[in-house]
Amino acid sequence: MVASRAIGSLSRATASRMRRCPGYICRSFSGSSALQTRTHINYGVKGDVAVVRINSPNSKVNTLNKELQSEFMEVMNEIWASDQVRSAVLISSKPGCFIAGADINMLASCKTSEEVTQISREGQRTFEKLEKSPKPIVAAISGACLGGGLELAISCQYRIATKDRKTVLGAPEVLLGILPGAGGTQRLPKMVGVPAAFDMMLTGRNIRADRAKKMGLVDQLVDPLGPGLKPAEERTIEYLEEVAVTFAKGLSDKKISIKRDKGLIDKLMSYAMSIPFVRQQIYKKVEEKVRKQTKGLYPAPLKIIDAVKTGIEQGNEAGYLSESQKFGELAMTRESKALMGLYHGQVLCKKNKFGTPQKEAKHLAILGAGLMGAGIAQVSVDKGLRTILKDATLAGLGRGQQQVFKGLNDKVKKKALTSFERDSIFSNLTGQLDYQGFEKADMVIEAVFEDLSLKHRVLKEVEAVIPDHCVFASNTSALPINEIAAVSKRPEKVIGMHYFSPVDKMQLLEIITTDKTSKDTTASAVAVGLKQGKVIIVVKDGPGFYTTRCLAPMMSEVLRILQEGVEPKKLDSLTTSFGFPVGAATLVDEVGVDVAKHVSEDLGKAFGERFGGGSVELLKQMVSRGFLGRKSGKGFYIYQEGVKNKNVNSDMDGILASLKVPPKSEVSSDEDIQYRLVTRFVNEAVMCLQEGILATPTEGDIGAVFGLGFPPCLGGPFRFVDLYGAQKVVDRLRRYEAAYGKQFTPCQLLIDHANSPNKKFYQ
Amino acid sequence: MTSMLTYTFKNLPNTSKWALQFFVRPLSCSSQLQAAPATQTKSKKTLAKPNIRNVVVVDGVRIPFLQSGTSYKDLMPHDLARAALSGLLTRTNVPKDVVDYIIFGTVIQEVKTSNVAREAALGAGFSDKTPAHTVTMACISANQAMTTGIGLIASGQCDVIVAGGVELMSDVPIRHSRKMRKMMLELNKAKTLGQRLSLISKFRLNFLSPELPAVAEFSTSETMGHSADRLAAAFAVSRLDQDEYALRSHSLAKKAQDEGLLSDVVPFKVPGRETVTKDNGIRPSSLEQMAKLKPAFIKPYGTVTAANSSFLTDGASAMLIMAEEKALALGYKPKAYLRDFVYVSQDPKDQLLLGPTYATPKVLEKAGLTMNDIDAFEFHEAFSGQILANFKAMDSDWFAQNYMGRKTKVGSPPLEKFNNWGGSLSLGHPFGATGCRLVMAAANRLRKEGGQYGLVAACAAGGQGHAMIVEAYPK
């Protein structure tokens, strides 16, 4: 679970980094003597307050790179030396971004952990100077204040944040497999208390400004302004600066106190934390929880706990030292390389490399109000796309509309939306049973049942009513798009858009192009997907495309393993302890046994032996008994409303017994079982690259992790081959091949990589 | 025939009188005004339109506007409305049976008298054959009552309308919680003792927590004062500017009150209390005193305070509106024409209180007038910051181009023609009743100070706004 949560927050962090920052022209200060030509920082004096503005050139975000840091210290030294300055304000000139974090590439270029530790020590020293500044420093935060940005902010004497959705504070280092290495593990617990600090650093979650105020992470909030005599964003930053300057003055005049009034609960909490026994208990509890959630696969969380502990128990000096050493160690781990690779991949997959479509899609129509259709509708209306949701029956349509409403309403409950915003978003949705209004649609996404003749029928019906420019996208997990497009009058406008369920939670969108799909159609589909907030991979058409095709051989192996007598619970624990967010048997239940059967039959036909292994008969019998997985209440497990711990479905025993095959003892250790699953997955993924289904390894990794739950700590199948070693993967495959046969034969590209150790998917 | 006669009668003395008025004006005016006579030729001699009936204000009154929780605190809204209607009857002597229709505006509705217009009319002794309805449009409810009346007259449906507005902030409906209400309603329907007991057993203590009427905008959950503070900040209006403007409003109101200019006020003998004769919210203070106040909404650094905001007010107003020929036939000498009007609406979050900025150029354009044609501006003052932000918005080409789809700014009104007898900040602002006060102030100022055209404008919750041109009736 932690993996999926980790990835979830990782994406949030990225989203905020990715946000557009329209050019904001920094005013130069008139009459400021200190104005110099610096690249990242400009500074001026208002009265006796120095205003330091951070604005890295040619970038949408500010990141703490070496250049910026040295300019910053230069400026600060000037401020400390100046007689006319009594306090300072730190602010970013980029709307939507204060400082998004440290420069990851700076770490990536380091060869040894000592080098990384050195970077951390420098950061620590810089921020310590800020903390001990004789002149009060106010951080005026608008937009993302993450990682190193947060560490900078909490070194200042006072923090003022804009109360808008873009302003988030967080320590997402853990999501990159590292820790806050510039004093964060030491200062954060003192500022917000140990439990809250652990929560922030171990989950990496983003904290909105209003919540940060309640936690004591920021001291004042500033409401975003509407348009005045300038655009709203520009004026809001100006206003934030004005307010910050008043507070800076107040602080230097000693009219405002830095000390915060603590509430009763805070006082009790800090009293409790002064008792060593209580502290030990807290460390123990947190450690236990982390171990349980990470299954020991992620080293960063434990090191974070350690660094915090050292600081509190042995004092600052030891704490800082421990922090920087662990930072160095973590940066060199495979896990952090994998996670950083995913981060970069995600950034890449949030871009439209097909360019801007000729016509922006504004009107969407979705066919089929099932789980998928309604989910697609939800993420579309959410972003202001006018969306028609069409179903064949009123009952089906009603269910879909309710799903969209519930999805939005849940956000209201979490206070991510107001009820008014929910209503106005919901008004973008039109539910209907006919094709009225399709003449205005820019894109139709069909999400009807996975049945080729049905898809053909709706395609013909839709093509009779839509305008010429309208794209027809098919949401299918396995039906080849060219077969669907075969009946189309305009195959260049037909494309596949494979969403993952639940659509509002799963970030991946797999877009499938046929030989006939035009580039503009692809651009349009990617644009819509990006608008819906998806991470996008674009793959070539073929049976199972990329994601389903990778999953199928693994699923086949799952069946084989179950047939060999491994309990579903045991199989689940083997897969989750390898890093998969969901156990393999549970996954079949979640996907739906009928769907799994359908897919394995289809792909089995297309790929033959390579997809062999387990017997589809198992799935067939389950379907015939009505064990369709979660949706029917029974699959490998029994699902009951309100029951948390699911029980194994004992009716499965008979089916499994009748299909039992003897296990091969030489390849049936726990580790072998895990690797049999993973190597088949990886082998197929590499095959997809080899055959050109995938354009890049990055897309393969992103697709596997975000769509199929491939262990994020391994970074995806391609990163896994790079880090684990192609030779070792091939060796394992050969061993299993010897035991089972062709389904384990390594593909040529993998063999090539094994043969030349310098060949890497990521150079 | 009559109407033709009045046209000529009215148009003849127009210009000469105007010129005269101007030379009589005291010389203490600012330089801007001294340049004014040159531009005094109006863009239009009158706003009368062919084939459309002229609508006139015969007269209008209001009971004194009081801070809520003072002398009116034990009354109900219809009592105030009734007092205003009685005052109107006394002032105009209008025969009750000629009134075709009565319309009142109100915002926070007393549930017992949801059609407060009807209850007040019956209580004030109007004919029970005169229908009445109540309208609501936040702070421009009374304006909506008037313009509804204008519509009825102009379309020939009615000849004589009473329009007014009322608000009683001393008492607002505080409801039981939804859960409690639900239980009580179900209890009503329960037939057996068992059913009742089982319902009562579901009672929880938190059912008793009351539901207060929202002071916040429904769509954004933001209180108006908070929005005003943000608006002031967006237009960089300083605290000092706001305090100065508020002080101006109070000083001018005080002066107007002392000089007896607030002739629309009628005394109200409150049952069980003394007769109220004057508005009681006018409190000219000093800038030093005002500077001491802490911000009321955005703490601790906001700029909107109790002193530069309008206060919660009880009050009611009423106006007699007629078709011109009817008024003349009844022997009245009307005070003013009600001319072109517009309603506007915009973003309820960031532009909640910018109604006047949007409405002013629109109504001027519609009437074919320019800012220079206006002799009396009467704007609703919700907050000092709001008024000053509107001034800045009206004076900004950038704002006009980017948000209003106009090529140029309309310009901000000259202060010496603006709310010269005080405004909502000082006189008070009973939400539903302010509109009539604005129109009467414009009409009375045109008569007193001289001038032909008055411009009334107001903002309202929901991000709406209104403006209307009032034309002086030739003397």
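Values below: all heavy atoms of this structure, side chains included; hydrogens, waters and symmetry mates excluded. Chain identifiers are assigned alphabetically (A, B, ...) following the order of the sequence lines, protein sequences preceding nucleic acid strands; residue numbering begins at 1 within each chain.
Within the 4.5 angstrom heavy-atom criterion, no atom of Ala389(B) approaches chain A. For Gln220(A), the part lying under 4.5 angstrom from a heavy atom of chain B is the side chain only. Contacts between Lys349(B) and chain A at a heavy-atom distance below 4.5 Å are absent for every atom of the residue. Looking at Pro231(A), the atoms closer than 4.5 Å to chain B (heavy atoms on both sides) sit in the backbone and in the side chain alike. For a residue to count as touching a neighbouring chain, one of its non-hydrogen atoms must lie under 4.5 Å from one of that chain's; by this rule Ile298(B) touches chain A with the side chain only.
In this structure, NZ on Lys230(A) lies 11.0 Å from OG on Ser396(B), to the nearest 0.5 angstrom. To the nearest 0.5 angstrom, Trp398(B) atom CH2 is 8.0 Å from Leu229(A) atom CG. Rounded to the nearest 0.5 angstrom, Leu221(A) CG and Lys299(B) NZ are separated by 14.0 Å.
The most heavy-atom pairs under 4.5 Å with chain B, out of Pro224(A), Ser424(A), Gly250(A), come from Pro224(A). When each of Gly302(B), Ser221(B), Ala393(B), Ala236(B) is checked for heavy-atom pairs under 4.5 Å with chain A, Ala236(B) comes out on top.
Within a 6.0 Å radius of CD1 in Ile265(A), other residues, nucleotides and ligands contribute 12 heavy atoms or fewer. No more than 12 heavy atoms of other residues, nucleotides or ligands lie within 6.0 Å of CZ in Arg211(A), so this atom counts as exposed by the packing criterion. Residue-environment remark: NZ (Lys182(B)) stays at or below the threshold of 12 foreign heavy atoms within 6.0 Å.
Closest approach of Pro227(A) to Gln351(B), counting heavy atoms only: CG-NE2, 3.4 Å. When every heavy atom of Ala234(B) is checked against every heavy atom of Gly226(A), the shortest pair comes out as CB-O, 3.5 Å. When all heavy atoms of Phe247(A) and Pro300(B) are compared, the closest pair comes out as CZ-CG, 3.9 Å. Here the shortest heavy-atom pairing between Tyr301(B) and Asp223(A) reads OH-N, 4.1 Å.
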